Amino acid sequence: MRGRGMAVAAMAIAVLAGCSAADDAGGGSSGGATATPTCPDTITPEAGTPEAAASAPDIGPFDAAWLCVYALGEEWTLAEGPAPIEDLDGVREIVDALEPADLLQPCTLELGPTYLLTLADGEDLTRIVVDAYGCRWARVEGEPGLLSTPDGVIGDLDTLAGL
């Protein structure tokens, strides 16, 4: 009987150790529920005089990401998405490359779609709007100022999201 009790105790320890290791996996810190990828039907265009962000954004850990693409009509209307992104390291590279915008940089004159990159840490969401036209500036929802994006950001986002 004693040998059987030890085996049960050893199995319980192994199972509990496996559970805690599974909770530690991934980049997020919440350990709770994960947000369901969704896209708002419309987004409001940014208005006012452009101003550069004071500093690069401090984007914390995230355990999920998805992309929504908006076309301009009377307002920015959802054209595609949500497109889940599995390569979170690729998203992290883009996010970490955001820096305060250079308002004197030359920009193109076309008008194209706008991308909404959503990062989820459990149910906490961070949304980054990226213009796929002009200067290809980005804005973190709820934070003031424009950010410059890395070269090729639109192509990278398309590839990461499988668009």
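This one's a predicted model, so the numbers in the text were calculated from it and none came from an experiment. No hydrogens, no waters, no symmetry mates; every other heavy atom, side chains included, goes into these values.
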Show every donor-acceptor pair shorter than 3.5 Å between a side-chain atom in residues 153-163 and any protein atom, with sequence neighbours excluded, or say none if there are none.
from   : atom 1 : to     : atom 2 : distance (Å)
Asp158 : OD1    : Tyr115 : OH     : 2.7
Asp158 : OD2    : Tyr115 : OH     : 3.3
Thr159 : OG1    : Gly155 : O      : 3.0

Count I, L, V, M, F, W, Y as connected when their side-chain heavy atoms are under 4.5 Å apart, and connections chain through other members. Are Leu119 and Trp137 then in the same cluster?
no
ILVMFWY clustering at 4.5 Å (side-chain atoms), partners of Leu125
Trp66
Once rounded to the nearest 0.5 Å, what's the spacing between atom OG1 of Thr149 and atom CG of Asp131?
8.5 Å
Got a list of side-chain donor-acceptor pairs under 3.5 Å for residues 90-104, not counting sequence neighbours?
from   : atom 1 : to     : atom 2 : distance (Å)
Arg92  : NH1    : Ile59  : O      : 3.1
Arg92  : NH1    : Asp96  : OD1    : 3.1
Arg92  : NH2    : Gly60  : O      : 2.6
Asp102 : OD1    : Leu104 : N      : 2.9

Under the side chain to side chain contact (heavy atoms under 4.5 Å, CB included) test against Leu116, which residue among Val129, Leu67, Val130 passes?
Val129
If we only count heavy atoms from C-beta on, is the Pro57 to Leu147 side-chain gap below 4.5 Å?
yes
Under the salt bridge (charged side-chain N to carboxylate O under 4.0 Å, His left out) test, residues paired with Glu141 that sit two or more places apart
Arg127
Is the shortest heavy-atom distance from the side chain of Val140 to the side chain of Thr126 under 4.5 Å?
yes
Donor-acceptor pairs are to be reported for all side-chain atoms of residues 37-45 against protein atoms at under 3.5 Å, with residues two or more places apart or in another chain.
none

Which side-chain N or O atoms in residues 105-113 pair as donor and acceptor under 3.5 Å with protein atoms at least two apart or in another chain?
from   : atom 1 : to     : atom 2 : distance (Å)
Gln105 : NE2    : Cys135 : O      : 3.4
Thr108 : OG1    : Glu110 : OE1    : 2.2
Thr108 : OG1    : Glu110 : OE2    : 3.3
Thr108 : OG1    : Gly134 : N      : 3.4
Thr108 : OG1    : Gly134 : O      : 3.3
Glu110 : OE2    : Arg136 : NH1    : 3.3
Glu110 : OE2    : Arg136 : NH2    : 3.0

Separation of Ile85 CD1 from Leu117 CG (nearest 0.5 Å)
5.5 Å
